[in-house]
Structures are given as structure tokens and as C-alpha cells.
Number of protein chains: 2
Amino acid sequence: MKRFVEVEQLLRAKGVRLTDQRRLVVRRAVAYLHFTAEELVRDVKGFDPSVARGTIYRTLALLHQAGVVEKHDFRYGPPNYEVTFAKAHHDHLMCVQCGEIIEFQEPRVETLQQAVVKRYGYQLLSHTHKLYGLCRTCQHVDRKRVSLPPTLHVEEVVA
Amino acid sequence: MKRFVEVEQLLRAKGVRLTDQRRLVVRRAVAYLHFTAEELVRDVKGFDPSVARGTIYRTLALLHQAGVVEKHDFRYGPPNYEVTFAKAHHDHLMCVQCGEIIEFQEPRVETLQQAVVKRYGYQLLSHTHKLYGLCRTCQHVDRKRVSLPPTLHVEEVVA
DNA sequence: TACCTAATTGAGACTCAGTCTCAACTATTG
DNA sequence: CAATAGTTGAGACTGAGTCTCAATTAGGTA
Ligand SMILES: [Zn+2]
Ligand SMILES: [Zn+2]
Ligand SMILES: [Zn+2]
Ligand SMILES: [Zn+2]
């Protein structure tokens, strides 16, 4: 079964009213791995320019609430969305030069996270874990030519 | 020696021109643990209203480039800055209910990060690692009364 | 099927955080 | 102290996202 059909079923089960606009937004979103809200706006408007920007943002929020999409901040530009519905948990590794994103799993980190929150008496609800670096290709090109904007400087410098 | 004197020395060593405005911004920034750009603007203007917003943002960018401050995204509101100059590396744990931020160290996670990037042939430059949960106190209050806005919903749900 | 009603939509005004521009000013060098 | 390259203040501007509200529509009900 197509992925968007499952999402629509989930929404219906949650009592969410389905409209043509929402169906289109869902169909376009599942076509991507990672996308920004404005990218989705342009994409959806390419299929139906009459769909308002506000509707697309509202639908995205709806999908977020329904647990269908997650919001990522990769420190460069606006947040990135990902349809994680029926997808195993993973963290991300990004090349700061070319922007390539790799999804990885490392259960031992997740175990340590539990140990950390226990140390402080917290109850863990969620986490973000993102690694930034240079992919094999970009390690061999002139480091001077940085293609990503200056805000993408290191947040936490690795010693 | 006062912390801001060391920062000023570092800037001078980097050939950065010191002005009264920049000195004030540095002195106010080191007074905080974590702060947003607009908080710093209000604070600095409290001491000298003639300092322009643009100057404060420019100085913040300068300090960022010089490795004096780091930028954090805690998924709620605008980014958070932290003067990490001469401070040991740490990650963050935040209570999604009351906003408390705890700084923690977990070297075993950093080791695993190296293993992950090696797996993909990457060269690690930096990372973000943030845990979100409920502090001891907030675990015992009515979960219905959520004080943080809806955008602070989970990004990566822990299984 | 037709109707009803609450939910949703489109359009555009609006907000907020941050950036840019440029003439006036100033820290540093010699 | 003069020269000059870097910095500043003020405000216009931008991008991304939110809000408002009259018009439209989904989905339940008769
Ligand atoms: Zn994870
Ligand atoms: Zn992903
Ligand atoms: Zn760390
Ligand atoms: Zn910190």
C-alpha cells in the first residue's frame, strides 16, 4: 500500500477532516526525504497554485501533531521536515560543505542518554543528535570555497 | 583576571578592532549563562540605548567567528547563545515544562560519535546533542498545563 | 440526496528576528 | 596628527511564519 494512503487512514482515525488540499500536501510531502516548509509550498503550488501558503503550513503543523512528520534544525536556513511515519528512529550526519545528509542508528548512544537523564532525575521525552562534518569527497576539495552561509559555523567545537 | 578581559585580549590577538560598543557587548554577554540575541539587545540598551541593534548582532557574529560564543537551538523561540570561551565541552538537557537547562558531560557519547563518522568516511567537525524531558518537579505537576508553545513537540520520539 | 454546521480555506495583512545600506564617525598605523 | 580602513546608528528591508475573517466545504444527519 502506498505510504500516503496509510497516512490518510491515520488522520481519518484521529478524526482529522480530509480535504483535497490536505491530501495533496500529504502526497507531496511523502515524496521527499527531507524538505523545508517553503520547498513544500513551491512543490505543492506547482501542482495546484490555488492552494494557499497558510494551508500548507497548517497542514504541516497538523501532520507534526499527528506524529507523521518531525522537524529538524540543521543550523542552516529554515527547519527541515521529515516524514518519519513508519520509519525507524535514526539520527543525522550532515556534510557542511555539500549538504549531504546521512541517517544513522547508534543504539549505544540512546542507552547513554537514558543514563544521563537518570543522573539528573529527569524523564526523557525526546532528543536531537546531529553530527556535522565533511564527507569523503569534500575533505579533498579546497576548504576555502565554503558553499554554505556563515551561520553554519560550529556550534560545539570538537576538541 | 576577569573573563571579559581575556576575551578582549583574544579579539585583539585576532586583529579585531575594539570599540566601546564591542566592549560593552562582551561585558554583558559574559554575565549570562545562556541568552537570546534579543535579550542581549535589551540588556545592552539598558546600559547604553545609543548602541544600535545591528551593532549588537554584528558583534555577536564576530564573537561566534572568534570561537567565543556558541549558538544553540533549543527548538523553542529564537536561538540561544552561550559564552563557551574557556569552558569545558558539554551537551544540554532541558525541561520542556519549566525550561530549566542542565549542562552535562558524557565522553562515551563523543567516542561513539567518532565511530559513527568513521563508518561513513566523514571527518567530524562538530555536533549538537540535546535531551528534552521533564525535571523531577515537573514530572509531578499536571501534564495538561503545558507552558511552552506547541512547536516544542518532540522532534525525535524516543521509542 | 439535501441540508446543516462546524471545520477549513484563500488572500493578504501582519509579526518577528535578523540583515542590509550608507553617510557619518573612529581606531589604528605611520 | 593625518590618512584610511573599519565600524557605527538609523532605519529600510527581508524571509519565514502567523493571524484574521469572509467565503467555502467535509462529513454527519434526516
Ligand atoms: Zn537518536
Ligand atoms: Zn532523517
Ligand atoms: Zn557533546
Ligand atoms: Zn551550556
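Remember, it's a predicted structure, so these values are computed and weren't measured experimentally. Chain letters run A, B, ... following the sequence lines, proteins first and then strands; every chain starts at 1.
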Below 3.5 Å between N/O atoms, which protein atoms pair up with nucleotides 20-22 of chain C? Just atom names and distances, please.
none

Counterpart residues, side chain to side chain donor-acceptor pair (under 3.5 Å), relative to B/E8 (two or more places apart)
B/R27
The side chain to side chain donor-acceptor pair (under 3.5 Å) partners of A/Y120 (sequence neighbours excluded) come to none
Using whole Å, report how far [atom1] of [X] lies from [atom2] of [N].
{"X": "A/L62", "N": "C/dT8", "atom1": "CG", "atom2": "P", "answer": "7 Å"}
{"X": "A/L11", "N": "C/dT8", "atom1": "CG", "atom2": "C1'", "answer": "14 Å"}
{"X": "B/E8", "N": "C/dT28", "atom1": "CD", "atom2": "P", "answer": "11 Å"}
{"X": "A/L60", "N": "D/dG17", "atom1": "CG", "atom2": "C1'", "answer": "11 Å"}
{"X": "B/L24", "N": "D/dT8", "atom1": "CG", "atom2": "C1'", "answer": "14 Å"}
{"X": "B/I56", "N": "D/dA10", "atom1": "CD1", "atom2": "C1'", "answer": "13 Å"}

When the C1' atoms of the five terminal pairs at each end define the local axes, what inter-axis angle does the helix from C/dT1-D/dA30 to C/dG30-D/dC1 show, to 10 degrees?
30°
Mind checking what makes side chain to side chain contact (heavy atoms under 4.5 Å, CB included) contact with B/L24, not counting sequence neighbours?
B/R28, B/V44, B/F47, B/D48, B/V51
Who pairs with A/A37 by side chain to side chain contact (heavy atoms under 4.5 Å, CB included), at least two apart in sequence or on another chain?
A/Y57, A/L60, A/Y81
Name all residues meeting the salt bridge (charged side-chain N to carboxylate O under 4.0 Å, His left out) criterion together with [X]; count only those two or more places apart in sequence or in a different chain, and write none if there are none.
{"X": "A/R42", "value": "none"}
{"X": "B/R53", "value": "B/E38"}
{"X": "A/R108", "value": "A/E106"}
{"X": "B/R58", "value": "none"}

Return the orientation label for the B/F104 and B/H129 ring planes: parallel under 30°, perpendicular over 60°, tilted otherwise.
perpendicular
Please work out whether the ring planes of A/F74 and A/H72 are parallel, tilted or perpendicular, with thresholds of 30° and 60°.
tilted
Looking at A/K71 and A/E82, does any basic side-chain N land under 4.0 Å from a carboxylate oxygen?
no
Any residue in residues 25-42 of chain B with a heavy atom nearer than 4.0 angstrom to DNA chain D? Just list them by number, or reply none.
none
If you assign each of A/Y81 and B/G15 to its closest nucleotide in DNA chain D, which residue comes earlier from the 5' end?
B/G15
If you count heavy atoms of other groups shown closer than 6.0 angstrom to CZ of A/R136, is the number above 12?
no
Base, sugar-phosphate or nothing for B/P49? Non-hydrogen atoms, less than 4.0 Å.
nothing
Give a yes/no on whether any side-chain N or O of A/Q21 is located under 4.0 angstrom from OP1 or OP2 of D/dT25.
no
Can you check whether A/R22 has a side-chain N or O nearer than 4.0 Å to OP1 or OP2 of C/dT9?
yes
What's the closest nucleotide to the side chain of A/V51 if the choices are D/dG17, C/dG10, C/dG18?
C/dG10
Among the nucleotides D/dA16, D/dG9, C/dG18, which one has an atom lying closest to any side-chain atom of B/T55?
D/dG9
At less than 3.5 Å, do the side-chain atoms of B/R53 and the base atoms of C/dG18 form a donor-acceptor pair?
yes
Polar atom pairs (N or O), protein with nucleotides 27-29 of chain D, under 3.5 Å:
residue	atom	partner	partner atom	Å
D/dG27	OP1	A/L18	N	2.8

Compute the centroid of each ring, for B/H92 and then for A/H127, and state whether the two points are separated by less than 6.0 Å.
no
Could you tell me which non-hydrogen atom of A/T84 sits nearest to which non-hydrogen atom of A/G67, and how far apart they are?
OG1-O, 4.5 Å
